Amino acid sequence: MPVRDEVLNWLAEAQADLRYAEMSISTGRYNWACFIAQQAAEKALKALMLHVLGEYPRGHDLVKLYRRVKDSTAVSLSEVALAKLSAYYTLARYPNAGLERPSEEILREHAEEAISIAKGVLDEVSKAIQDP
C-alpha cells in the first residue's frame, strides 16, 4: 500500500519531537523531555493509524491509541511502557497532576526512560509504515 504524504508528515513530526526531547535532556529540562517523548510516541501511533485505518481519533492516551490499531498491524508494543509514557502528557507539565513541581521532581533517569520508550515506538511504527 502506498504511503500517503500525511502519514509521512506525522512520522516526521514524531521524529522531530524525539530530537527535541533528547535536546531537552542536555539542558536539564527533564520534565519537558518526558512530555515531548510522549508527543513523539503519540504522533507515531497516529501516523500508523492513519496509514492502516485511514484515520485516527483525538486523544492522548497511548494505550487507547495502540489498542485501536494493534489487531490491524504486526507492531508489537508494551502497554505497560505506553501507559508509563502516556502519564507524562499531564504529569510532566502541571503541578496539580501528581507532582508538586514536575520541573524539579522529574529526573534525568525518567527522561532517559521516556525517550527510550518513545524510540521503541518510533522504530516499530517506522518499520511497519515503510515495510507493510
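Predicted model only: the values in this text are computed from it and were never measured. For the single chain, residues carry numbers from 1 onward in sequence order.
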Check your understanding: So, do Lys70 and Glu79 sit near enough that their side-chain heavy atoms are less than 4.5 Å apart?
Key -> yes

Here the gap from Leu99 atom CG to Asn31 atom CG, rounded to the nearest 0.5 Å, amounts to 9.5 Å

Q | Heavy-atom side-chain contact between Glu55 and Met49 under 4.5 Å | A | no

Short side-chain to backbone donor-acceptor contact, Tyr89 and Asp61, under 3.5 Å: no

Gln38 and Leu62 have their tightest heavy-atom pair at NE2-CD2, 3.8 Å

For residues 105-112, run the donor-acceptor check on the side chains, cut-off 3.5 Å, and write out each pair with its distance to 0.1 Å, sequence neighbours left out.
unit_1: Glu105; atom_1: OE2; unit_2: Glu100; atom_2: N; d: 3.4
unit_1: Glu105; atom_1: OE2; unit_2: Arg101; atom_2: N; d: 2.8
unit_1: Arg108; atom_1: NE; unit_2: Glu112; atom_2: OE2; d: 2.8
unit_1: His110; atom_1: ND1; unit_2: Leu107; atom_2: N; d: 2.8

CG of Leu50 to CG of Leu45, rounded to nearest 0.5 Å, is 12.5 Å

In this structure, CG of Leu85 is separated from CG of Leu91 (nearest 0.5 Å) by 11.5 Å

Answer whether the closest heavy-atom distance between the side chains of Glu42 and Leu65 falls below 4.5 Å. yes

Separation between NZ (Lys46) and CD (Glu13), nearest 0.5 Å, reads 13.5 Å

Between Ile25 and Tyr30 the two heavy atoms that sit nearest each other are O-CE2, 3.6 Å

(message) Are Leu82 and Val121 packed together at the side-chain level, in the sense that at least one heavy-atom pair is separated by less than 4.5 angstrom?
(response) yes

Mark yes or no for whether Tyr88, through its side chain, and Trp32, through its backbone, hold a donor-acceptor pair below 3.5 Å.
no

Check: Taking the side chain as C-beta and beyond, is there a heavy-atom pair between Glu113 and Cys34 under 4.5 Å?
Finding: no

When every non-hydrogen atom of Ala37 is compared with those of Ala118, the smallest separation belongs to O-CB, 3.4 Å

Smallest heavy-atom separation, His51 atom then Val3 atom, equals CE1-CG2, 3.8 Å

For this session: Please check if atom CZ in Arg93 has more than 12 non-hydrogen atoms from other residues, nucleotides or ligands closer than 6.0 Å.
Result: yes

When rounded to the nearest 0.5 Å, the distance separating CZ of Phe35 from OH of Tyr94 is 7.5 Å

Item to check | Under 3.5 Å donor-acceptor, Thr27 side chain and Ser24 backbone | outcome: yes

Is a side-chain donor or acceptor of Ser26 paired with a backbone partner of Met23 at a separation under 3.5 angstrom?
yes

Heavy-atom closest pair (Tyr66 atom, Leu77 atom, distance to 0.1 Å) is OH-N, 3.0 Å

- prompt: Hey, are the side chains of Leu18 and Ile36 touching, using non-hydrogen atoms and a 4.5 Å cut-off?
  reply: no

Intermediate values then yes/no, side chain to side chain contact (heavy atoms under 4.5 Å, CB included), Leu53 and Val69: CA-CA 7 Å; Leu53 305 175; Val69 74; 4.3 Å; yes

What one should report as the nearest heavy-atom pair of Leu48 and Ala128 is CD1-CB, 4.0 Å

Salt-bridge contact Arg19-Glu22 (side-chain N to carboxylate O under 4.0 Å)
no

ask   = Is there a side-chain contact between Ile115 and Lys119, using heavy atoms and a 4.5 Å cut-off?
value = yes

| Taking C-beta and beyond as the side chain, do Lys43 and Leu11 meet within less than 4.5 Å on heavy atoms? | no

